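Let me begin by presenting the structure, written as structure tokens, before commenting on it.
Keep in mind it's a predicted model, so treat the numbers as computed, not measured. Atom set for the values below is all heavy atoms of this structure, side chains included, hydrogens, waters and symmetry mates excluded. Naming convention: chains lettered A, B, ... in sequence-line order (proteins, then strands); numbering from 1 in each chain.
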Amino acid sequence: MSKLKLTGKDLRGIGYPEGPVISVAMTVMQKHYKHEAKEDVMALLQKILAAPVEYENDAVLGLIAEKLIPKKDLLDGESISLNQSGIQFNVFGQEHIEEGAMHQMYQAAKLPVSVAGALMPDAHSGYGLPIGGVLATDNAVIPYGVGVDIGCRMCLSIFDINPKELTDKESYFARELGEATLFGSGAQFDRAANHDIMDHALFYTLPLLKHLHGRVWKQLGTSGSGNHFAEFGIIEVKEKDAVLGVPAGHYVGFLTHSGSRALGANIANHYTKIAISKRRLPQDAKNLAWLSLDEQEGIEYWNAMNLAGDYASACHHVIHDKIAKQLGRKPVKMVENHHNFAWKEIWEGREVIVHRKGATPAGKDVLGIIPGSMTADGFIVKGKGESASVNSASHGAGRKMSRTRAIASVTDKQFKEELKKFGVTLLGGGLDESPFAYKDINVVMQSQTALVDVVGRFTPKIVKMDGAKHRNWSKKERPDIVGE
DNA sequence: ATGTCC
């Protein structure tokens, strides 16, 4: 049985317009019509193009049809000016923050919907709101104020196991770590894990999510790429904190950092496009386009974002449950938090939408995790509820070097020596994620003593990240030779 | 961050 081969060129050839419909049509046909003859598929695609409204309610073809039906409200987006002067916002650790991130935050402060904001000491520039940016708005949600990896988060399990076992039985822990999750862009399991989240009604009602359901399911419990990791380390609790509730002592910790994989990325990109077409902002602020929580698309985004957050959480839980089962232990405590998300919160007596894009929630007595790097300690923190930071803290050390610069300026030898110096075993992981690429977490923590208390410390010992394997990459794309 | 339609 020959498999359907359909290209963007084929689609454009029969008159399909440039835009998302091309990829949607390719994905849909290759998934649901893969064994049909190409001429039949092309004829069907032509019919959909000629009369998309007739296919609008088709469970499968409706996905293509809806991209071909012009949406009136998308065609006449309103033009919006930024305010002359923005809201005041506080910057923590300003001396460490690059100019680009400051500029992005100034732009965000001038949005007509902005109420309050803050910049965390690990801030650096991103799309829309800077990474490390916190923005509270009035009844509006900014998809790129949350970020592409919706629900990117930390999860820590604390096991009452003597940390000496980590060094004594390193190969055992390394093997368990290797089997607990999958890394890599596009990584998915052949056999999907089970979790109630996959029964969520939105997967069956929102066209965008319908066609993602299968892939999203197989990605449950995977970790993705970039700065995502899973690691074993030593937890030190100096004295028992009432909220953390863990007695003073040393423990084995299992810490994960990952998000909502393809699900969140698709939701973010879909709704930011809608926001951008509905609200035309000046060029350098255009990625800050928002959706109102009173309009259909805003409500849809809000619900989908919450689903992506729950899914990201489920992914971590699948991984942590596996580890607990493999170790034959129940964690004495789990701590977890989103750091790319938006919440409805009360700020200075007023209901606002708080976007934290690379920022840890730090409301009064709220626990969170701020990781360091693969060799630097991370911290279990307890929020102080500081209004000046809109109840937030940093989400890590922050990058000091771009990926390209890290790859160009750090050698494998230096990298290996650094790992050895700290007694860290690394599985996967590239130069772009080496400790040299990150700011000093201790300096960052010093800049936010007013925001959080440290209630525990995590020292990484066995770290797993996406490998620098360059599987299908062309020479041009291989990061190890970028900058030659 | 994501297998980024060519």
- Message: With hydrogens left out and only the distance checked, is there a donor-acceptor pair under 3.5 Å joining E18(A)'s side chain and the base of dC6(B)?
- Response: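 It does not, because no donor-acceptor pair links the side chain of E18(A) to the base of dC6(B) below 3.5 Å.
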
- Query: Is the H338(A) ring parallel, tilted or perpendicular to the F341(A) ring (thresholds 30°, 60°)?
  - Reply: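 Answer is tilted, since the angle falls between 30° and 60°.
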
- Query: Any sub-3.5 Å donor-acceptor pair from R403(A)'s side-chain atoms to G226(A)'s backbone N or O?
  - Reply: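 Judged by distance alone, no pair lies under 3.5 Å.
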
- Message: Looking only at the side chain of R12(A) (C-beta and beyond, no hydrogens), which of the listed nucleotides dA1(B), dC6(B), dT2(B) gets closest?
- Response: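 The nucleotide sitting nearest to the side chain is dC6(B).
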
- Can you figure out which of dT2(B), dA1(B), dC5(B) approaches the side chain of R215(A) most closely?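 In terms of side-chain proximity for R215(A), the closest of dT2(B), dA1(B), dC5(B) is dT2(B).
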
Distance, rounded to the nearest Å, where [X] contributes [atom1] and [N] contributes [atom2]:
| X | N | atom1 | atom2 | value |
| --- | --- | --- | --- | --- |
| N340(A) | dT2(B) | CG | P | 11 Å |
| H270(A) | dA1(B) | NE2 | P | 23 Å |
| Q219(A) | dT2(B) | CD | P | 8 Å |
| M42(A) | dC5(B) | CE | C1' | 13 Å |
| N269(A) | dT4(B) | CG | C1' | 9 Å |
| I267(A) | dT2(B) | CD1 | P | 14 Å |
| I131(A) | dA1(B) | CD1 | P | 9 Å |
| Y144(A) | dA1(B) | OH | C1' | 9 Å |

OP1 or OP2 of [N] sitting under 4.0 Å from any side-chain N/O of [X]?
| X | N | answer |
| --- | --- | --- |
| S225(A) | dT2(B) | yes |
| R403(A) | dA1(B) | yes |
| N266(A) | dT2(B) | no |

- State which residues pass ring-ring contact (aromatic ring centres under 6.0 Å, His included) with F379(A); sequence neighbours excluded, sorted by chain then number.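 Listed in chain order: nothing, the list is empty.
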
- Electrostatic pair E231(A)-K461(A), nearest N-O below 4.0 angstrom: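 Salt bridge flag = no for K461(A) with E231(A).
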
- N-O pairing of D10(A) and K38(A) below 4.0 Å: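 Salt bridge flag = yes for K38(A) with D10(A).
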
- Would you indicate what G226(A) reaches in the nucleic acid, counting non-hydrogen atoms under 4.0 angstrom: base, sugar-phosphate, or nothing?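 The answer is sugar-phosphate, as G226(A) gets under 4.0 Å only of primed atoms, P, OP1 or OP2.
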
- E345(A) CD to N391(A) CG distance, which is reported to the nearest 0.5 Å: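 If we round to the nearest 0.5 Å, E345(A):CD and N391(A):CG are 6.0 Å apart.
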
- Message: Just to be sure I understand the geometry, which residues of residues 302-313 of chain A put a non-hydrogen atom under 4.0 Å away from DNA chain B?
- Response: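 Heavy-atom contacts with DNA chain B come from no residue of residues 302-313 of chain A; none.
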
- Should T222(A) and F189(A) count as side-chain neighbours, where that means a heavy-atom distance under 4.5 Å?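 Yes - at least one pair of side-chain heavy atoms lies under 4.5 Å apart.
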
